[in-house]
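Below: the structure, in structure tokens.
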Amino acid sequence: MTKERACRFFRGTFQIKISMVIPGMLLLVISSFLFGLANPLAALLVDDTDALIFSFHFLLMLTLIQLPFVLGRFKEVKKLKFKGEFDLLVMSGFIGTFLYWCEFTSLQVGLPITHVTFLLLTVPAWTLLWEFLRGRGTKTNLNKWSIALIGSIILISPNEHGQFSLSYLLPIFTSLLTAIWLIYSKKAQEAGIHPIVCSFFNDLFSLIGVLIFIIMKGKGHALSLPVNISNIFLYSAMIGVLPNILLLYGLRSTGIVAASSVIMLEPVISGALSYLIHNDSLGLNFLLGSFCIVLSILPGQTIDYLRKIRMTYAIPSFK
């Protein structure tokens, strides 16, 4: 192979890789931006409503919106194996049942919305722990997870009145469940399930799970459509269906750790909007906790770059 041909080969290979990576990452960025609107808007919609009931109406709207699109892919649905792809969808829906309940309940536990949203930044740390437990990571993975955990503990520490509630742990569980949901969603994509089909069944099985919980708690009488159902419908379409499908498309060509790092834009946007909309106070707990969490999710390349900058400025001072 001549030098010119070799250059053309590597240039073509590089362009192919870029064309495969950039669309997926771009979809994840757009998805994260839309998801970032979720908490500030949800806090206004949920207010003092039962989080489980709100989850049911939210998931019901998601399912109804996606139903026409799934009916157009009925042949693909029929081909799903009950002991294979379908198991992944059922498990993802089971996780979603607890995820949605924890997410909306977290908005009512008494923590500032900015604290809740930054706690969701620990999603990449949980995926790093997963990679480490699978033998695919290094001690750096474990260190980053530990730093994220310290930041989370600081963010849920007692307030100025010295009070603490176990419900403050719910945002941490939401982050953990989100990481698990991401892992199973990635597995579903690797199994070849179409994103629209995957998204629909994730929400459908989550809806069934939430409905079972509501019936078990004897709250079936509260399932009547609320007055603000039109707002919930719009919220479900723009903040639920669209970013979710973009996320699943993006996961097709993006690794789970890279995906979770891009998704960290969601709580950053959400935290900023929460501060502006809800006028949350930013105390020392928030500053220390958010610093630890952001530090835990910085890519290794960024940390190496910062070290090089430090050395660049430090060496001349010793001359």
Side-chain angles (χ1 to χ4, degrees), residues 31 35 38-39 42-43 45-46 49-67 70 77 80 82 84-109 116 119-120 122-123 126-127 130 166-167 169-189 191 193 195-226 229 232-233 235-237 239-241 243-245 247-248 251 260 263 266:
S31 173
F35 275 132
N39 280 351
L45 288 173
V46 176
T49 307
D50 188 309
L52 202 58
I53 301 298
F54 182 84
S55 299
F56 173 81
H57 290 136
F58 174 66
L59 288 166
L60 178 62
M61 293 299 104
L62 290 181
T63 305
L64 292 176
I65 292 169
Q66 296 175 89
L67 184 59
V70 174
V77 175
L80 292 177
F82 280 92
E85 297 96 340
F86 223 82
D87 290 350
L88 291 173
L89 294 176
V90 172
M91 181 57 69
S92 182
F94 176 75
I95 296 166
T97 299
F98 295 95
L99 172 59
Y100 285 112
W101 178 78
C102 282
E103 181 178 0
F104 293 129
T105 305
S106 296
L107 302 173
Q108 301 175 319
V109 298
V116 174
L119 283 167
L120 296 181
T122 58
V123 172
W126 290 108
T127 58
W130 165 254
L166 286 176
S167 60
L169 296 173
L170 279 176
I172 297 178
F173 286 127
T174 301
S175 180
L176 173 59
L177 288 169
T178 302
I180 298 173
W181 181 82
L182 267 175
I183 291 167
Y184 272 92
S185 295
K186 177 64 176 176
K187 287 183 178 181
Q189 296 306 292
I193 303 175
I196 291 177
V197 176
C198 184
S199 177
F200 173 78
F201 280 103
N202 280 345
D203 295 331
L204 177 62
F205 290 134
S206 297
L207 174 65
I208 294 171
V210 168
L211 179 60
I212 292 172
F213 277 150
I214 291 174
I215 294 173
M216 288 175 61
K217 287 192 170 186
K219 296 182 178 180
H221 62 279
L223 293 178
S224 57
L225 295 180
I229 189 63
I232 297 177
F233 179 85
Y235 175 81
S236 302
I239 309 300
V241 175
N244 199 31
I245 291 176
L247 169 67
L248 293 170
L251 283 172
S260 60
I263 291 169
E266 172 198 339

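Quick note: residue numbers are just sequence positions, from 1. All of these numbers come straight from a predicted model, not from anything done at the bench.
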For side chain to side chain contact (heavy atoms under 4.5 Å, CB included), just list the numbers for Val70 and Val77, CA-CA rounded to whole Å, side-chain angles, deciding distance to a tenth of an Å, and then say yes or no.
CA-CA 8 Å; Val70 174; Val77 175; 4.0 Å; yes
Verify side chain to side chain contact (heavy atoms under 4.5 Å, CB included) between Trp126 and Trp130, making sure each step is shown before the conclusion.
CA-CA 6 Å; Trp126 290 108; Trp130 165 254; over 6 Å; no
I'd like to know whether Phe201 forms a side chain to side chain contact (heavy atoms under 4.5 Å, CB included) with Ile193, so could you lay out the CA-CA distance, the side-chain angles of the two residues, the decisive distance to 0.1 Å, and finally the verdict.
CA-CA 11 Å; Phe201 280 103; Ile193 303 175; over 6 Å; no
Please determine whether side chain to side chain contact (heavy atoms under 4.5 Å, CB included) holds for the pair Leu67 and Thr63, giving the CA-CA distance in whole Å, both sets of side-chain angles, and the decisive distance to 0.1 Å.
CA-CA 6 Å; Leu67 184 59; Thr63 305; 5.6 Å; no
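Using modelled atom types, no side-chain atom of Ser92 and backbone atom of Leu88 make a donor-acceptor pair closer than 3.5 Å. Side-chain atoms of Ser199 do not come within 3.5 Å of backbone N or O of Ile196 as any donor-acceptor pair. Remark: the backbone N or O of Gly93 is paired with a side-chain donor or acceptor of Thr97 at under 3.5 angstrom.
In plain terms, the two heavy atoms of Trp101 and Leu170 that are nearest each other are CZ3-CD2, 4.0 Å. Annotation for Tyr100 and Ser55: closest pair O-OG, 3.5 Å, computed over non-hydrogen atoms. Smallest separation of non-hydrogen atoms from Leu207 and Leu60: CD1-N, 3.8 Å. In terms of heavy atoms, Leu177 sits closest to Ile95 at O-CG2, 3.7 Å. Taking every heavy atom of both residues into account, Cys198 and Ala188 meet most closely at SG-CB, 3.8 Å. Residues Thr122 and Ser175 share a closest heavy-atom pair of OG1-OG, 2.5 Å.
Remark: His57 NE2 to Leu52 CG distance equals 11.0 Å, nearest 0.5 Å. Rounded to the nearest 0.5 angstrom, Gln66 CD and Leu204 CG are separated by 9.5 Å. Note that CG of Leu89 is 11.0 Å distant from CZ of Phe200, once rounded to the nearest 0.5 Å. Between the CE atom in Met61 and the CG atom in Asp203 there is a gap of 12.0 Å [rounded to 0.5 Å]. If you take NZ on Lys186 and OG1 on Thr127, they are separated by 12.5 Å, rounding to the nearest 0.5 Å. Rounded to the nearest 0.5 angstrom, Ile232 CD1 and Leu59 CG are separated by 11.0 Å.
A distance below 6.0 Å separates the ring centres of Phe213 and Phe98.
Screening Leu62, Val241, Leu64 against Ser236 for a side chain to side chain contact (heavy atoms under 4.5 Å, CB included) leaves a single residue, Leu62.
Tyr184 OH: 12 or fewer foreign heavy atoms inside a 6.0 Å radius.
A heavy-atom distance below 4.5 Å is found between the side chains of Ile215 and Leu211.
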